[in-house]
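Before any comments, here is the structure.
Chain letters run A, B, ... following the sequence lines, proteins first, then strands; residues in each count from 1.
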Amino acid sequence: EPEVTQTPSHQVTQMGQEVILRCVPISNHLYFYWYRQILGQKVEFLVSFYNNEISEKSEIFDDQFSVERPDGSNFTLKIRSTKLEDSAMYFCASSEVGPRSSYNSPLHFGNGTRLTVT
Amino acid sequence: GEDVEQSLFLSVREGDSSVINCTYTDSSSTYLYWYKQEPGAGLQLLTYIFSNMDMKQDQRLTVLLNKKDKHLSLRIADTQTGDSAIYFCAEGGATNKLIFGTGTLLAVQP
């Protein structure tokens, strides 16, 4: 069964450094998402992306964050200057179609990248 | 704002049924989802139900939805040790911005 893959599985970085988290969504999917889970807290929506632009973003997704689809297969999340509170598990997800289509296309998640900021 | 609540922990014996409960607040929810997370793994989609349905069955899994009470449950029949995991309830409305619950840790005792 096709799956969403994320690399690396674990990233350790120093405060103030830039990190790029990488994702390869399922190949025929058109909508892409990033969610995160701080240890002990709920999984939270960060951003959704379609047709090379952001569809929706949460309050968490401030100017330090950016997303990009640099080629036909990768979807990246960049954190420009990491803070201690950015430490979390970051999940990429994709769906075949978007939320306003005539049928449901549930989100499929990757295994996550655990980001540790020291 | 929207909120999804779940109990934190459930312990059952192998072979018994497990029932994991979830409540949500957003009355405009379109779909409700159950995801499973095993240690060190991602969020695996288990099943989902459209908000105009009351029940959905998929092999050992039964989802019940009480839209009036905004209550969702996941029943796992004949629970196995391999079912031990964290189970997340999530609701989605007009967008695919899912709101997740805290997750319920299911421990299956042999």
Side-chain angles (χ1 to χ4, degrees), chain A residues 1-7 9-10 21 23-26 29-50 54-61 89-114, chain B residues 1-9 20 22-26 28-53 56 58-59 61 63 65 72 74 85-105:
Chain A
E1 186 177 323
E3 56 183 30
V4 176
T5 56
Q6 291 186 243
T7 55
S9 57
H10 192 185
L21 309 184
C23 170
V24 178
I26 295 173
H29 286 190
L30 299 177
Y31 287 78
F32 315 117
Y33 313 83
W34 285 101
Y35 284 73
R36 79 171 185 190
Q37 185 182 29
I38 294 172
L39 189 63
Q41 297 186 23
K42 293 185 179 184
V43 177
E44 309 171 282
F45 169 80
L46 292 178
V47 66
S48 59
F49 188 88
Y50 169 70
I54 290 173
S55 304
E56 186 175 0
K57 61 183 181 179
S58 70
E59 293 172 354
I60 304 165
F61 195 88
M89 179 74 91
Y90 287 81
F91 291 106
C92 174
S94 67
S95 64
E96 190 175 350
V97 294
R100 292 182 179 84
S101 69
S102 57
Y103 68 94
N104 187 39
S105 173
L107 273 64
H108 294 263
F109 285 82
N111 282 349
T113 293
R114 180 168 296 286
Chain B
E2 303 102 338
D3 195 20
V4 177
E5 295 293 336
Q6 299 177 239
S7 52
L8 292 181
F9 182 72
I20 302 171
C22 170
T23 58
Y24 61 97
T25 59
D26 186 2
S28 66
S29 295
T30 310
Y31 288 94
L32 294 126
Y33 301 88
W34 286 102
Y35 284 89
K36 175 184 179 184
Q37 185 179 36
E38 297 183 56
L43 299 167
Q44 175 197 352
L45 176 67
L46 278 182
T47 187
Y48 61 93
I49 188 167
F50 188 45
S51 59
N52 70 353
M53 296 168 65
K56 181 178 179 182
D58 184 1
Q59 300 182 334
L61 305 179
V63 179
L65 174 62
L72 182 75
L74 174 70
I86 299 175
Y87 290 80
F88 291 94
C89 168
E91 61 98 1
T95 71
N96 263 344
K97 176 184 158 186
L98 299 186
I99 307 296
F100 281 83
T102 49
T104 299
L105 175 62

**Request:** Go through B:Gln37 and A:Phe91 one step at a time and tell me if the side-chain contact (heavy atoms from CB on, under 4.5 Å) criterion holds.
**Result:** CA-CA 12 Å; B:Gln37 185 179 36; A:Phe91 291 106; 3.5 Å; yes
**Asked** Which heavy atom of A:Asn111 sits nearest a heavy atom of B:Gly42, and at what distance?
**Response** OD1-N, 3.0 Å
**Asked** Where is the tightest heavy-atom contact between A:Lys42 and B:Asp3, given as atom of each residue plus distance?
**Response** NZ-OD1, 2.8 Å
**Request:** Side chain from CB out, backbone as N, CA, C, O: work out which of these in A:Gln37 comes under 4.5 Å of a heavy atom of chain B, or both, or neither.
**Result:** side chain
**Prompt:** Quick one: NZ on B:Lys97 to OG on A:Ser58, what's the gap to the nearest 0.5 Å?
**Reply:** 7.0 Å
**Fill in**
Interatomic distance, CD1@B:Ile99 vs CD@A:Glu44, rounded to 0.5 Å, equals 9.5 Å
**Residue pair B:Leu98, A:Tyr33: steps toward the side-chain contact (heavy atoms from CB on, under 4.5 Å) verdict** = CA-CA 10 Å; B:Leu98 299 186; A:Tyr33 313 83; over 6 Å; no
**Asked** By a 4.5 Å heavy-atom criterion (distance strictly below it), what part of B:Phe88 contacts chain A: side chain, backbone, both, or neither?
**Response** side chain
**Asked** So what's closer than 4.5 Å to chain A heavy atoms on B:Leu43: side chain, backbone, both or neither?
**Response** both
**Item:** Residues in side-chain contact (heavy atoms from CB on, under 4.5 Å) contact with B:Lys36, at least two apart in sequence or another chain
**Value:** B:Glu38, B:Gln44, B:Leu46, B:Asp83, B:Ala85, B:Tyr87
